[in-house]
Protein chains: 2
Amino acid sequence: MQSQQSRVLVQLRDLILKGEFAPGERLAEIPIAERLSSSRTPVRLAFATLEQEGLVQLSPSGGYVMRAFTRKEIDDAIAVRGVLEGMAARLVAENGLTREMSAELHECLKLGDEALKGPEMTIDAYADYVEMNNHFHQLLIDFAGNAALTRAIELNNRLPFAAASATLPMHSSTGDGRQWLLITHNQHRSMLHAIERREGSRAQAVAMEHVEVARMNLRHAYEKGSESIEIMPAMRLLARRQGTGSH
Amino acid sequence: MQSQQSRVLVQLRDLILKGEFAPGERLAEIPIAERLSSSRTPVRLAFATLEQEGLVQLSPSGGYVMRAFTRKEIDDAIAVRGVLEGMAARLVAENGLTREMSAELHECLKLGDEALKGPEMTIDAYADYVEMNNHFHQLLIDFAGNAALTRAIELNNRLPFAAASATLPMHSSTGDGRQWLLITHNQHRSMLHAIERREGSRAQAVAMEHVEVARMNLRHAYEKGSESIEIMPAMRLLARRQGTGSH
DNA sequence: CTAGTTTAGATTGGATACAACGTCAAACAC
DNA sequence: GTGTTTGACGTTGTATCCAATCTAAACTAG
């Protein structure tokens with residue numbers, strides 16, 4: 001078993017992302033330490049990390065409080081992801097793919113085709129698509145071979161909703177979610193096509209356009225409001241109004 | 001006076017950036033705690049933050065070791081800065097400037113003109129230019145009004161050499177440094193011009209080209225090798241060969 | 001009844017104590 | 001002479017302790 005430190009960090013981050021704490025809520029060390037059956041020390045260590053990740057904030061009076069996220073902040077973070085993934089796609093196009101890289105990416109497209117082939121999507125097919133989507137994005141980032149870029153994307157994705165998978169169309173079972181998945185899947189195909197033809201600028205443009213679907217889905221979830229909290233608990237971290245909501 | 005936590009963090013980061021620790025060196029808590037006259041607790045907290053910043057690494061056997069940076073990693077980080085600052089410039093151009101914003105940016109240009117006006121640069125004039133440069137870049141980032149972007153740039157700048165000021169031409173007194181400052185200054189002017197005309201794409205392109213000077217200077221410093229360690233102690237953190245240098 | 005003050009409790013920031021672990025070195029065996 | 005094992009030392013990870021501070025409630029005075 002690993003150290004308390006990493007266990008507490010992972011579990012606490014999980015609790016936060018599950019919406020266990022209300023925005024602005026004071027995060028006392030003792031109750032959390034008890035809840036995760038550890039002492040205060042690993043909890044404080046975890047807080048230091050989570051503060052860097054932007055999930056919690058130092059309170060001026062000491063201690064930490066849960067951060068609130070405005071709609072604009074999430075939207076902005078998605079835009080940043082677009083730019084960074086656009087850079088990744090451009091780099092991959094400029095540097096060129098090896099045969100193995102190309103094969104891996106094509107495998108993703110194939111998995112996507114299979115998940116989307118029926119007229120209706122099962123839950124399993126949806127899960128498969130999400131996994132394929134994550135893999136595809138991760139491959140592009142890895143193939144770009146730029147550690148600072150990888151890091152920047154990783155840190156940006158720590159913000160709730162900013163990650164690629166967080167804002168895939170969630171209502172796939174209702175039918176119109178599948179339409180959007182078809183569109184994002186086609187964008188993946190365009191991206192790979194551009195990359196293989198070394199069209200860096202096109203690859204970048206498609207990658208940037210790609211996140212617009214995520215923005216649209218965020219808007220959708222935001223308007224649905226409380227309904228989407230059921231399937232996306234992290235929605236609770238979204239402040240309904242501008243401001244931090246902490247006082 | 002502030003907390004030990006923040007004091008130790010700042011001082012320790014300073015020590016690291018001054019090249020006090022060799023790449024791969026084990027960073028023991030007790031000596032550092034004694035050196036900064038605190039207990040191990042704040043040091044440990046600082047390590048957690050510095051690890052997030054990428055300056056130190058967890059050793060598999062426990063504890064932290066000083067990270068080594070390869071030339072490529074720094075170069076890549078500068079490329080990421082170019083993309084992010086390019087995004088900032090584009091956003092500012094697209095959103096437009098208020099009268100106050102415009103005035104502040106023009107003030108920077110004026111200060112730069114003054115610092116560069118003589119045929120030779122004094123140390124003071126150089127210092128003024130550096131300060132103006134930082135301010136100009138920070139203004140653009142602030143005016144973009146995208147918190148995730150601000151954060152991403154900030155985190156990326158924590159890597160040594162990646163920040164805008166870190167790789168300005170350092171040999172300004174020798175004359176050819178001044179030439180390069182004239183060029184970067186002119187790029188600032190072009191950027192503002194593009195922004196005022198709402199030419200987002202041009203503003204972005206200039207901002208991206210702008211960091212090429214930084215890359216060139218890094219190459220320059222790297223080739224000079226030990227000479228540049230005198231004026232840039234952080235050069236010691238650059239691994240002379242690929243790899244982590246930790247074993 | 002309200003507002004201000006005081007006091008008691010809880011909580012954080014920091015230091016230290018302790019146990020488990022890893023590392024290094026010396027000594028022994030082959 | 002070399003390789004291995006064992007033991008001692010140092011370090012980390014974690015828990016707890018203490019003091020300083022903030023919070024909140026209750027009480028008093030106007």
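The sequence lines fix the lettering, A, B, ..., with proteins before strands; numbering per chain opens at 1.
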With sequence neighbours excluded, residues passing side chain to side chain contact (heavy atoms under 4.5 Å, CB included) with B:N95: B:L91

Footprint string (nucleotides 10-22 of chain C, 5' to 3'): B base within contact, S backbone only, - free, heavy atoms under 4.0 Å: --BBBBBB----S

Side chain to side chain, A:V80 and A:D76, heavy atoms closer than 4.5 Å: no

Sole candidate of B:V43, B:V8, B:L15 that passes side chain to side chain contact (heavy atoms under 4.5 Å, CB included) when paired with B:I32: B:V43

Contacts of B:F143 that satisfy ring pair (Phe, Tyr, Trp, His ring centres under 6.0 Å) - sequence neighbours left out: none

B:M191 vs B:L140, side chain to side chain contact (heavy atoms under 4.5 Å, CB included): CA-CA, chis, key distance, verdict: CA-CA 10 Å; B:M191 248 184 272; B:L140 281 187; 3.8 Å; yes

Between D:dG10 (C1') and B:I32 (CD1): distance, integer Å: 16 Å

